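Chain naming here is simple, since letters A, B, ... match the order of the sequence lines and numbering starts at 1 in each. Since the model is a prediction, treat every value here as computed from it, not as a measurement.
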There are 2 protein chains.
Amino acid sequence: MPKDETQEKEPRERILEAAATLFSTKGYAAVGVREIAELANVNVAMISYYFSGKAGILKEIVLRYFDSIKAIYDKVLAENYPPETKLRKIVDELVELMKNKTIFCKVAITEMPFDLPEFADFKAEVARRHVEYIKLGLKVFEIFPENQKFSSIITPAALSLIFSHFLFYPIIPKVWQIEIDDEYYDLYSKTISTLLLDGLNGVMKQFINNKIEDGK
Amino acid sequence: MPKDETQEKEPRERILEAAATLFSTKGYAAVGVREIAELANVNVAMISYYFSGKAGILKEIVLRYFDSIKAIYDKVLAENYPPETKLRKIVDELVELMKNKTIFCKVAITEMPFDLPEFADFKAEVARRHVEYIKLGLKVFEIFPENQKFSSIITPAALSLIFSHFLFYPIIPKVWQIEIDDEYYDLYSKTISTLLLDGLNGVMKQFINNKIEDGK
DNA sequence: GCTTTAATCAAACGATTGTTTAACTATTTT
DNA sequence: AAAATAGTTAAACAATCGTTTGATTAAAGC
């Protein structure tokens with residue numbers, strides 16, 4: 001059997017994929033650089049060489065994730081559909097993204113809740129860059145365009161709703177005896193879309209009622 | 001100023017709270033035992049003495065979280081309300097739980113997606129113990145009592161929806177300029193309840209339609 | 001008051017952490 | 001072909017990891 005190393009991806013990409021795989025199952029902090037290097041089939045020093053440190057890998061993973069999100073966002077918003085259709089398309093695209101880039105998405109999402117000093121500036125910058133986008137989106141979808149509190153509740157709710165499957169992933173096959181295939185993800189996408197859209201409709205009604213009660 | 005050490009909680013509890021605080025912000029794997037001991041104002045050896053290791057702390061945190069969930073579950077299920085009211089009460093109680101035990105809940109939830117070897121058996125056991133409960137709940141709430149796939153989608157969706165605020169917590173104040181107080185949590189609880197209930201109603205309709213399409 | 005048990009401590013354990021160094025090979029550039 | 005750059009390596013770096021040891025103090029049992 002000839003060595004297929006020539007057909008292997010470049011070292012930098014191998015490191016990124018190996019790291020994403022390990023981060024997604026064990027979490028960023030629980031993974032050592034030697035473990036990554038071994039899985040990527042490179043020398044440990046290559047991590048600092050290409051990413052100037054372990055933290056650099058996570059930063060690139062998170063950036064790639066946000067770029068994917070942005071691409072979906074731009075694509076759907078450019079189309080000329082009614083708000084509800086746009087929202088359903090967004091959900092479909094996000095589920096599709098997670099199917100194709102599962103480990104990258106899972107890493108970006110599961111590391112969000114944590115506040116490590118070495119990522120403080122990075123996170124602030126990433127958050128800043130995406131604020132306008134989130135707000136623009138809420139305006140396009142015609143969801144509480146002017147209410148800060150509702151936005152701060154709805155946006156995380158929608159995102160964690162869409163990604164819920166991946167947050168609970170290692171638990172799900174242990175609890176329910178189901179086969180997770182393309183058919184399952186179709187049902188998943190459709191169900192989450194409906195849950196989100198019908199739910200948002202209800203919240204909109206509640207929002208309007210609250211306004212009336214407040215005498216506005 | 002006299003030393004108030006006598007009024008301090010017992011060492012074991014201090015360790016638990018210090019660890020929960022640190023785990024919730026930095027994640028389990030990123031926190032060292034010396035950091036915990038320092039914050040708890042105890043000697044490092046006390047961690048192994050009381051919890052037989054760092055992993056023991058996380059196990060107790062997770063167990064306490066599940067006990068709280070179970071208590072809420074038992075309480076609401078024992079009451080005689082229609083399914084929708086029960087579900088809304090569950091959400092209210094869960095939000096209340098998160099307000100009072102924020103760091104414990106956040107730790108239990110944020111560590112769920114990870115699979116560390118030292119917790120493999122523990123997680124399997126915890127999952128096993130709660131399968132019957134989840135299934136019983138879906139039956140009581142009259143939500144797809146017999147459909148495995150829908151259950152496996154809806155249950156994680158509902159949970160991550162309810163807990164979404166805490167998953168995104170460090171991000172939220174950076175993106176939206178809002179004051180997070182009791183009033184905010186009231187709105188949060190009401191909004192999430194509506195989103196979930198109206199969303200579930202929509203999914204139920206979809207479920208019934210699918211059955212008809214399948215010719216059942 | 002003696003003995004036993006529980007609790008706490010500083011110190012050291014070996015293992016592992018992320019990163020850097022300096023030598024080396026391979027590839028480009030000139 | 002010579003020089004320069006890029007890529008890769010094993011080894012060592014200091015720092016930190018979680019845990020254990022053995023001594024010491026405090027509390028409880030009799």
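Within the structure, side chain to side chain donor-acceptor pair (under 3.5 Å) contacts touching residues 44-58 of chain A (residues at least two apart or in different chains) do not occur. Listed by first then second residue, pairs satisfying side chain to side chain donor-acceptor pair (under 3.5 Å) with a partner in residues 97-111 of chain B number zero, not counting sequence neighbours.
Using a 4.0 Å cut-off on heavy atoms, the residues of residues 42-52 of chain B that approach DNA chain D are B/Val44, B/Ala45, B/Ser48, listed by number. For DNA chain C, no neighbouring residue in residues 17-25 of chain A is found when judged by any heavy atom under 4.0 Å.
Under the rule for a side chain to side chain donor-acceptor pair (under 3.5 Å), B/Lys86 has no partner lying at least two apart in sequence or in another chain. Under the rule for a side-chain contact (heavy atoms from CB on, under 4.5 Å), the partners of A/Glu183 that lie at least two apart in sequence or sit in another chain are A/Asp181, B/Lys149. Every residue two or more places apart in sequence or in another chain that forms a ring pair (Phe, Tyr, Trp, His ring centres under 6.0 Å) with A/Phe119 is listed here: A/Tyr28. Remark: A/Asp198 engages A/Thr194 in a side-chain contact (heavy atoms from CB on, under 4.5 Å) (not counting sequence neighbours). Shown here are the salt bridge (Lys or Arg N to Asp or Glu O under 4.0 Å) partners of B/Asp74, two or more places apart in sequence or in another chain: B/Lys70.
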Can you give one letter per nucleotide of nucleotides 12-17 of chain D, 5' to 3': B if a protein heavy atom sits under 4.0 Å from the base, S if only from the sugar-phosphate, - if neither?
B----B
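Between the B/Arg88 side chain and the B/Ser193 main chain, no donor and acceptor come within less than 3.5 Å of each other.
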Name each donor-acceptor pair under 3.5 Å that joins a side chain in residues 59-66 of chain B to protein atoms two or more places apart or in another chain, with its distance.
{"from": "B/Glu60", "atom 1": "OE1", "to": "B/Arg12", "atom 2": "NH2", "distance (Å)": "3.0"}
{"from": "B/Glu60", "atom 1": "OE2", "to": "B/Arg12", "atom 2": "NH1", "distance (Å)": "3.1"}
{"from": "B/Glu60", "atom 1": "OE2", "to": "B/Arg64", "atom 2": "NE", "distance (Å)": "3.4"}
{"from": "B/Glu60", "atom 1": "OE2", "to": "B/Arg64", "atom 2": "NH2", "distance (Å)": "3.1"}
{"from": "B/Arg64", "atom 1": "NH1", "to": "B/Glu13", "atom 2": "OE2", "distance (Å)": "2.7"}
{"from": "B/Arg64", "atom 1": "NH2", "to": "B/Glu13", "atom 2": "OE1", "distance (Å)": "3.4"}
{"from": "B/Arg64", "atom 1": "NH2", "to": "B/Glu13", "atom 2": "OE2", "distance (Å)": "3.3"}

Per-pair distances, 0.1 Å, donor-acceptor, side chain in residues 154-166 of chain B, under 3.5 Å, sequence neighbours excluded:
{"from": "B/Thr155", "atom 1": "OG1", "to": "B/Ser151", "atom 2": "O", "distance (Å)": "2.9"}
{"from": "B/Ser160", "atom 1": "OG", "to": "A/Ser160", "atom 2": "O", "distance (Å)": "3.1"}
{"from": "B/Ser160", "atom 1": "OG", "to": "B/Pro156", "atom 2": "O", "distance (Å)": "3.0"}
{"from": "B/Ser160", "atom 1": "OG", "to": "B/Ala157", "atom 2": "O", "distance (Å)": "3.3"}
{"from": "B/Ser164", "atom 1": "OG", "to": "B/Leu161", "atom 2": "O", "distance (Å)": "2.9"}
{"from": "B/Ser164", "atom 1": "OG", "to": "B/Tyr188", "atom 2": "OH", "distance (Å)": "3.4"}

